[in-house]
Amino acid sequence: AHGNLPAATPDIWRRLYDVNVIAPFVLVTAAEQLLRDSKGCVVNVSSLAGVKPTGSSIPYAASKAALNHTTRLLAKALGPDVRVNAVAPGLVATPWTEDWEDLHQLVSAMAPLRRVATPDDVAEAVLGLVRAAYVTGEVLVLDGGLGLLP
């Protein structure tokens, strides 16, 4: 929890940064020439927690914010050959979140679209960014309209 600062150990910070920031960077670096040759694109999977002060933990949210900035920096470094974007979903109905019933109900009640995201919603957003030939350096928030609320 955000209020439990001692639980956010340096090992947790390192593990989350390794997975959420360093691994995507290493993958893009390894594939750079193939991406350039094919005029390919990258769509990173971020989180609403990287855009708003929310999420499961401070290290998780900070790692996703770092991924968002890395996305923008890679878009600048790899353009015009390679487009780099990210999707940033809020709550998604998955086996990982199935026990979070209170949060599912809260999001469904508050979000203008009156439901949480599904994996298909995330996949459609990724596909949309893959198809959007004139979009790079963007982080597409998938929050059902929660960002519209005051």
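These values consider heavy atoms only, across backbone and side chains, with no hydrogens, waters or symmetry-generated copies. Numbers here simply count residues along the sequence, with the first being 1.
- Under the 4.5 Å side-chain criterion, counting only non-hydrogen atoms from C-beta, L16 is in contact with I12.
- Between D18 and R15 there is no salt bridge, since no side-chain N of the basic residue sits under 4.0 Å from a carboxylate O of the acidic one.
- Contact annotation: the side chain of L35 approaches that of V42 to within less than 4.5 Å [non-hydrogen atoms, C-beta and beyond].
- Legend: residues meeting salt bridge (Lys or Arg N to Asp or Glu O under 4.0 Å) with D121, ordered by chain and number and at least two apart, are R115.
- Separating the NZ atom in K39 from the CZ atom in R83 is a distance of 12.0 Å, to the nearest 0.5 Å.
- Put simply, the side chain of V116 does not reach to within 4.5 Å of the side chain of V92, judged on heavy atoms.
- Rounding to the nearest 0.5 angstrom, the gap separating the CG atom in N68 from the CG atom in N20 is 10.5 Å.
- N85 places none of its side-chain heavy atoms less than 4.5 Å from the side chain of V139.
- The closest donor-acceptor contact from the side chain of S46 to the backbone of A86 lies at 3.5 Å or more, if one exists at all.
- Annotation: Y17, atom OH; neighbour count of heavy atoms from other residues, nucleotides and ligands within 6.0 Å is above 12.
- Remark: E101 CD to Q105 CD distance equals 4.5 Å, nearest 0.5 Å.
- The number of heavy-atom neighbours closer than 6.0 Å to NE2 of H2, taken from other residues, nucleotides and ligands shown, is above 12.
- Inter-residue side-chain proximity for T97 and L103 is flagged as unmet; no heavy-atom pair is nearer than 4.5 Å.
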